[in-house]
Peer 1: 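Have a look at the structure that comes next, please.
For the numbers below, each heavy atom of this structure counts, side chains included, while hydrogens, waters and symmetry mates do not. Because the structure is a prediction, the values reported are computed rather than measured. Lettering of chains follows the sequences in order, A, B, ..., and the numbering in each one begins at 1.
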Amino acid sequence: MKNVVLGMSGGVDSAVSAWLLKRQGFNVIALFMHNWEESDDGCCTAEQDFADVKRVSDKLDIPYYSVNFAKEYKERVFSYFLDEYKKGRTPNPDVLCNREIKFGPFLQYAKALGADYIATGHYCGVSHLNGKHYLLKAKDQSKDQTYFLNQLSQNQLADVLFPLADIEKSEVRKIADKLGLVNAEKKDSTGICFIGERNFRSFLQNYLPNQRGEIVDVNGKSVGEHIGLMYYTLGQRRGLGLGGTAEGQGRWFVVEKDLENNKLIVSHGDESVLLSNSLLASSMNWIPDCPSESFTCTAKFRYRQPEQKVDVKVLTDGRISVNFHEKQRAVTPGQFVVLYDGVKCLGGGIIDEVYK
RNA sequence: AGGGGUAUAGCCAAGCGGUAAGGCAUCAGACUUUGACUCUGACACUCGUAGGUUCAAAUCCUGCUACCCCUG
């Protein structure tokens with residue numbers, strides 16, 4: 001009997017994953033990760049989650065353990081997260097969390113425990129052909145999480161199982177309900193992985209100094225004050241506090257950050273200034289290999305966005321240039337561009353430059 | 001201290017005697033394993049202020065106050 005170490009979060013997805021794996025004949029071991037030390041009042045959600053892991057594991061009659069990677073998380077994910085914000089970019093920590101934690105120390109720990117495979121409750125699939133490993137989109141397109149896994153290497157994908165590849169989310173809920181799992185109705189978790197949902201501003205404020213500055217419109221006219229550039233991202237409209245003008249109605253959007261002068265540049269009503277035609281991305285990861293020097297495929301520039309048609313060119317330094325068939329709104333440096341060919345996720349990279 | 005204009009929620013802004021449109025912001029939900037976007041809902045017993053006319057005023061009249069503009 002093969003051993004599978006399953007990352008169990010306390011949520012319904014990984015719980016049902018455990019049952020599915022067990023039904024497939026695996027010897028399932030649940031492993032809960034504790035990766036963030038709550039220093040503030042964000043009261044013990046991790047403990048709550050672990051309590052759910054216990055109850056689910058008992059119900060399914062599988063052993064469970066807990067492991068703490070808070071140090072690794074801080075060093076490999078959180079530091080990057082803060083660095084990006086310092087540069088005025090908008091990072092996606094959860095992509096890194098997968099590459100650096102779940103498929104890093106967690107994977108190694110599982111192997112040390114004697115795992116033949118690791119598994120997670122991600123909505124995505126994996127397939128293997130001629131020694132190559134492919135990352136596939138989930139059957140439930142609306143929940144597909146390949147975007148967050150675009151940085152996984154061949155080694156990281158070699159021995160992983162994704163039990164939810166072919167199951168709709170609604171089905172997962174039904175199974176949990178039928179099994180009588182305590183988290184059958186538990187709300188999906190959101191917010192930064194392991195850190196959770198919290199007031200973004202007050203959270204960041206604990207780690208980064210913020211400097212108030214001027215908000216100016218596209219013509220350079222001062223229209224307000226911002227509370228620190230790091231709190232804003234391109235295309236954002238909430239939190240600006242800017243009201244109506246005599247010129248007409250419309251919403252204000254963040255168009256650009258001027259780090260040098262600590263100015264936030266906004267546009268009123270006209271969103272066309274947020275549209276771009278192409279981008280440059282680095283830190284490319286290919287799954288399994290770069291298809292060719294230039295090709296056409298689809299891409300996402302952020303999670304939960306419909307795929308867009310693009311032309312990709314691989315540059316000599318390994319970066320890629322991506323041209324959009326249709327202009328895209330608010331493509332943002334720091335976010336990942338993830339490429340797809342049908343159901344296959346081809347990999348992705350970090351957006352460095354965006355061109356109008 | 002000559003003349004003219006404007007004063008409606010945090011910001012724009014309808015209303016022109018019959019019992020306060022709309023937009024933005026804000027807040028709350030929904031959506032969401034980033035940050036956003038998006039969607040839904042809430043949001044002026046009151047119209048600068050004090051009086052007056054009227055069955056009835058934000059709407060008409062008068063005084064006051066504030067701001068703006070023009071001429072001195």
Peer 1: Name the nucleic acid region contacted by A/P91, choosing base, sugar-phosphate or nothing; use a 4.0 angstrom heavy-atom cut-off, strictly under.
Peer 2: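 Base contact.
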Peer 1: So A/F78 and A/Y207, would you call those rings parallel, tilted or perpendicular, with 30° and 60° as cut-offs?
Peer 2: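 Aromatic pair A/F78/A/Y207 classed perpendicular.
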Peer 1: For B/G35, what is the paired nucleotide under Watson-Crick or G-U wobble rules, both distances under 3.5 Å?
Peer 2: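 Base-paired to nothing in any strand shown.
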Peer 1: List the steps, then state whether side-chain hydrogen bond (donor to acceptor under 3.5 Å, both in side chains) holds for A/T332 with A/T90.
Peer 2: CA-CA 7 Å; A/T332 305; A/T90 306; 5.5 Å; no
Peer 1: Cation over ring, A/K178 on A/W19, under 6.0 Å and within 45°?
Peer 2: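 Cation-pi check for A/K178 and A/W19: fails.
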Peer 1: What is the distance, to the nearest angstrom, from the CZ atom on A/R304 to the C1' atom on B/U38?
Peer 2: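 After rounding, the gap between these two atoms is 10 Å.
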Peer 1: Establish, for the pair A/K54 and A/Y64, whether the NZ or CZ atom is under 6.0 angstrom from the six-membered ring centre and no further than 45 degrees off its axis.
Peer 2: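 Cation-pi check for A/K54 and A/Y64: fails.
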Peer 1: Which whole number of Å gives the distance between the C1' atom of B/A30 and that of B/C67?
Peer 2: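 About 44 Å, rounded to a whole number of Å.
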Peer 1: For A/D270 and A/S272, which I'm curious about, is there any donor-acceptor pair between the side chains at under 3.5 Å?
Peer 2: yes
Peer 1: So what does A/G11 hit on the nucleic acid, given a heavy-atom distance under 4.0 Å: a base, only sugar-phosphate, or nothing?
Peer 2: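 The residue A/G11 makes no contact with any strand.
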Peer 1: Does A/K102 have a side-chain nitrogen or oxygen under 4.0 Å from the phosphate oxygens OP1 or OP2 of B/U33?
Peer 2: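 No, no such contact exists.
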Peer 1: Could you measure between the two P atoms, the one in B/A57 and the one in B/G17, and give it in whole Å?
Peer 2: 14 Å
Peer 1: Please state how far atom CG in A/L275 lies from atom P in B/C37, giving the value in whole angstrom units.
Peer 2: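 Atom-to-atom, A/L275 to B/C37, this comes out as 16 Å.
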Peer 1: Does A/Y134 OH have over 12 foreign heavy atoms under 6.0 Å away?
Peer 2: yes
Peer 1: Can you tell me the Watson-Crick or wobble partner of B/A56, both distances under 3.5 angstrom?
Peer 2: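 Per the H-bond distance test, none.
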Peer 1: Quote, to the nearest angstrom, the C1' distance that separates B/C11 from B/C43.
Peer 2: 14 Å
Peer 1: Mind checking whether A/F103 and A/F162 have parallel, tilted or perpendicular rings, split at 30° and 60°?
Peer 2: tilted
Peer 1: Would you check if the side chain of A/K300 reaches a backbone N or O of A/L339 as a donor-acceptor pair within less than 3.5 Å?
Peer 2: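 Pair absent, no side-chain N/O of A/K300 close to backbone of A/L339.
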Peer 1: How far does the P atom of B/A9 sit from the matching atom of B/G48, given to the nearest Å?
Peer 2: 8 Å
Peer 1: Mind calculating the distance between CZ (A/F301) and C1' (B/G35) to the nearest angstrom?
Peer 2: 17 Å
Peer 1: Are a donor atom and an acceptor atom from the side chains of A/N262 and A/H226 found within less than 3.5 Å of each other?
Peer 2: yes
Peer 1: Could you tell me the Watson-Crick or G-U partner of B/G22, where both distances fall under 3.5 Å? Say none if there is no partner.
Peer 2: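 Checking every strand shown, B/G22 finds its partner in B/C12, with both distances under 3.5 Å.
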Peer 1: Specify the separation, in whole Å, of atom CD1 of A/I215 and atom P of B/C24.
Peer 2: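 Answer to the nearest Å: 18 Å.
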Peer 1: Tell me which nucleotide among B/C31, B/C24, B/G35 gets nearest to the side chain of A/T233.
Peer 2: B/G35
Peer 1: Return the value, rounded to whole Å, for the distance between atom OH of A/Y147 and atom C1' of B/G35.
Peer 2: 10 Å
Peer 1: Could you tell me how the ring of A/Y303 sits relative to the ring of A/Y147: parallel (under 30°), tilted (30 to 60°) or perpendicular (over 60°)?
Peer 2: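 Tilted, since the angle between the ring planes falls between 30° and 60°.
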Peer 1: Using a 3.5 Å distance criterion without hydrogens, assess whether the side chain of A/N150 forms a donor-acceptor pair with backbone atoms of A/T146.
Peer 2: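 Not a single qualifying donor-acceptor pair exists.
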Peer 1: Near RNA chain B, under 4.0 Å by heavy atom, which residues of residues 321-334 of chain A?
Peer 2: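 Correct list: A/R329, A/T332.
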Peer 1: Expressed in angstrom and rounded to an integer, what is the separation of A/E271 atom CD from B/U38 atom P?
Peer 2: 7 Å
Peer 1: Determine the interatomic distance between P on B/G15 and the same-named atom on B/A36; round to the nearest Å.
Peer 2: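 About 39 Å, rounded to a whole number of Å.
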Peer 1: Taking the P atom of each, how far is B/A20 from B/G2, in whole Å?
Peer 2: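 Rounded to whole Å, the distance is 41 Å.
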Peer 1: Taking only the side-chain nitrogens and oxygens of A/Y232, find out if one of them lies under 4.0 Å from OP1 or OP2 of B/G35.
Peer 2: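 No.
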Peer 1: A/R302 side chain N/O closer than 4.0 Å to the phosphate oxygens (OP1, OP2) of B/A36?
Peer 2: no
Peer 1: Return whichever of A/G239 or A/Q236 has its heavy-atom-nearest nucleotide of RNA chain B closer to the 5' end.
Peer 2: A/G239
Peer 1: With a 4.0 Å cutoff (strictly under), does any side-chain N or O of A/R251 reach OP1 or OP2 of B/U38?
Peer 2: yes
Peer 1: List in numerical order all residues of residues 152-165 of chain A for which some heavy atom is under 4.0 Å away from an atom belonging to RNA chain B.
Peer 2: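 When residues 152-165 of chain A is checked for heavy atoms under 4.0 Å from RNA chain B, there are no hits whatsoever.
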Peer 1: Please check if any side-chain donor atom of A/Q156 sits under 3.5 Å from a side-chain acceptor atom of A/S153, or the reverse.
Peer 2: yes
Peer 1: Please determine, by modelled atom types, if A/Q328 and A/Q305 share a side-chain donor-acceptor pair under 3.5 angstrom.
Peer 2: yes
Peer 1: Considering only side-chain heavy atoms of A/F253, which listed nucleotide, B/U33, B/U34, B/C37, is closest?
Peer 2: B/C37
Peer 1: Has A/E168 got a side-chain atom pairing as donor or acceptor with A/S170's backbone, closer than 3.5 angstrom?
Peer 2: no
Peer 1: Send over the distance from A/K187 NZ to B/A30 C1', rounded to a whole Å.
Peer 2: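 Atom-to-atom, A/K187 to B/A30, this comes out as 8 Å.
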Peer 1: Give the rounded distance in Å between these two atoms: CZ of A/R89 and P of B/G35.
Peer 2: 18 Å
Peer 1: Among the candidates B/C31, B/U26, B/U34, find the nucleotide nearest to the side-chain atoms of A/Y303.
Peer 2: B/U34
Peer 1: Taking any heavy-atom pair under 4.0 Å as a contact, classify A/H268: base, sugar-phosphate, or nothing.
Peer 2: nothing
Peer 1: Does B/U40 have a Watson-Crick or wobble mate here (both distances under 3.5 Å), and if so which one?
Peer 2: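 Answer to the pairing question: B/A28, which forms a Watson-Crick or G-U pair with B/U40.
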Peer 1: In the 5'-to-3' direction, what one-character label does each nucleotide of nucleotides 6-13 of chain B receive under the scheme B = base within less than 4.0 Å of a protein heavy atom, S = sugar-phosphate only, - = no such atom?
Peer 2: ----BBSS
Peer 1: In whole angstrom, give me the gap between the C1' atoms of B/C12 and B/U26.
Peer 2: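 Looking at atom C1' only, B/C12 and B/U26 are 15 Å apart.
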Peer 1: A/R238 has a side chain; which of B/A28, B/U32, B/U34 sits nearest to it?
Peer 2: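 Of the candidates, B/A28 comes closest.
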Peer 1: Do A/N27 and A/N3 meet the criterion of a side-chain donor-acceptor pair at a distance under 3.5 Å?
Peer 2: yes
Peer 1: Using purine N1 to pyrimidine N3 plus N6-O4 or O6-N4 for Watson-Crick, or N1-O2 and O6-N3 for G-U wobble, both under 3.5 Å, which nucleotide pairs with B/G51?
Peer 2: B/C61
Peer 1: Can you tell me the Watson-Crick or wobble partner of B/A66, both distances under 3.5 angstrom?
Peer 2: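 Here B/A66 is engaged in a pair, and the nucleotide opposite it is B/U6.
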Peer 1: Taking the same atom, P, in B/G63 and in B/A1, what whole-Å distance lies between them?
Peer 2: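 Between the two P atoms, the distance is 16 Å.
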Peer 1: Is the phosphate of B/U38, meaning OP1 or OP2, less than 4.0 Å from a side-chain N or O of A/R237?
Peer 2: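 It does, given that an N or O in the side chain of A/R237 lies less than 4.0 Å from OP1 or OP2 of B/U38.
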Peer 1: Identify whether any heavy atom of A/Q305 sits under 4.0 Å from a base atom; if not, whether one sits that close to sugar-phosphate; answer base, sugar-phosphate or nothing.
Peer 2: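 Nothing: the residue A/Q305, judged by heavy atoms under 4.0 Å, touches no strand.
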